[in-house]
Amino acid sequence: LQEVGKVFHMEEKEDAVVAIMRKFGFGDPEKQSKINKKLGKRVFAAKGTFPKEVNSINVLFRNDVLYQIALNYGKEYVQKVDWDLFTLPAINKYGQPIVSNNIPVLASFTYQWADGQTKLEIQKSGTLSDDKNKFATSNYNVFYTDVVTYIAMEKDEKNMQEESTAIPNF
């Protein structure tokens, strides 16, 4: 955390899952916030000078160890740069990706490369027309994740959620 703080000014922010729970009124955002705290999960928005095409950079930590960097490129950039050109440098460097087409459900489409330790995901997301015949891209996201830390945290989070909903034996 301290090392990343030397590169970017960072402001702590609420985890996106908790924010979505609050916004749409489902789940238990307070419980999730407590679990995140126990996990040592913290989310920061990087502030400062980045390339103009980058809308935002979020950095995620567990126990002050960086496990994910997330970059967002907004609609203005998406309208200027074609998906194939945006993803070409990664394809040239890492080869053909695993493709995940979630357009019908989540209005997103993702290329993914993983090596067991890290994962790179490049995603386009947007909106699907009511008749489901047209997908309009509104942003690109890039996620670089330490898979080992992420999976361990997911497992611990699942265990904590199960513990908090367990029915005591009398």
Please answer whether the main-chain N or O of Ser125 pairs with a side-chain N or O of Ser138 as donor and acceptor at a distance below 3.5 Å. yes
Can you measure from CD1 (Ile151) to CG (Asp156) and round to the nearest 0.5 angstrom? 12.0 Å
If I compare all heavy atoms of Pro89 with all of Phe86, which pair ends up nearest, and what's the gap? CD-O, 3.6 Å
Please check if the side chain of Asn63 supplies one atom and the backbone of Val65 the other of a donor-acceptor pair under 3.5 Å. no
Check Trp113 against Ala90 and note the closest heavy-atom contact, atom names and distance. CH2-CB, 3.6 Å
Got a sec: does the CZ of Phe143 have more than 12 other heavy atoms crowding it under 6.0 Å? yes
Regarding Lys119 and Asp146, does a basic nitrogen lie under 4.0 Å from an acidic carboxylate oxygen? no
Tell me which donor-acceptor pairs under 3.5 Å the side chains of residues 13-24 have, and how far apart each pair is, sequence neighbours excluded?
residue	atom	partner	partner atom	Å
Lys13	NZ	Asn58	OD1	3.4
Glu14	OE2	Arg22	NE	2.6
Glu14	OE2	Arg22	NH2	3.0
Asp15	OD2	Asn36	ND2	3.2
Arg22	NH1	Glu30	OE2	2.6
Arg22	NH2	Glu30	OE2	3.3

Tyr111 ring center within less than 6.0 Å of Trp83 ring center: yes
Val147 reachable from Val142 in the ILVMFWY side-chain graph, under 4.5 Å edges: no
Table please: side-chain donor-acceptor pairs of residues 66-80 below 3.5 Å, with sequence neighbours left out.
residue	atom	partner	partner atom	Å
Gln68	NE2	Thr145	OG1	2.8
Asn72	OD1	Asn55	ND2	3.4
Asn72	ND2	Asn141	OD1	2.8

Short side-chain to backbone donor-acceptor contact, Thr110 and Gln123, under 3.5 Å: no
Separation between CZ of Phe135 and CD1 of Ile103, rounded to the nearest 0.5 Å: 4.5 Å
Indicate the atoms forming the closest heavy-atom contact of Pro104 with Leu128, along with that distance. CA-CD2, 4.0 Å
OG1-CZ distance between Thr87 and Phe109, expressed to the nearest 0.5 angstrom: 9.0 Å
Within 45 degrees of the ring normal and closer than 6.0 Å to the centroid, is that where the cationic atom of Lys124 sits relative to Tyr140? no
Roughly how far, to the nearest 0.5 Å, is the OG atom of Ser33 from the NZ atom of Lys38? 12.5 Å
If you draw a 6.0 Å radius around OH in Tyr94, do more than 12 non-hydrogen atoms from other residues or ligands fall strictly inside? no
Identify whether Ile122 and Ile98 are in the same connected component of the hydrophobic contact network (ILVMFWY, side-chain heavy atoms under 4.5 Å). no
Given the rule in the side chain to side chain contact (heavy atoms under 4.5 Å, CB included) test, do Gln112 and Val99 qualify, once you have shown the distances and angles that lead to the verdict? CA-CA 6 Å; Gln112 177 183 302; Val99 177; over 6 Å; no
If you count every heavy atom of other residues, nucleotides or ligands that lies below 6.0 Å from Asp130 atom CG, does the total exceed 12? no
Correct closest heavy-atom pair for Leu85 and Val81 would be CB-CG1, 4.4 Å
Got Gln117 and Val148 here, is their nearest side-chain heavy-atom distance under 4.5 Å? yes
Is Arg62 reaching over with its side chain to a backbone N or O of Leu39, donor-acceptor style, under 3.5 angstrom? yes
Determine whether Asp84 and Leu88 make a side-chain contact, defined as any pair of heavy atoms from C-beta on separated by less than 4.5 Å. no
Side-chain contact, heavy-atom cut-off 4.5 Å: Gln161 with Gln32? yes
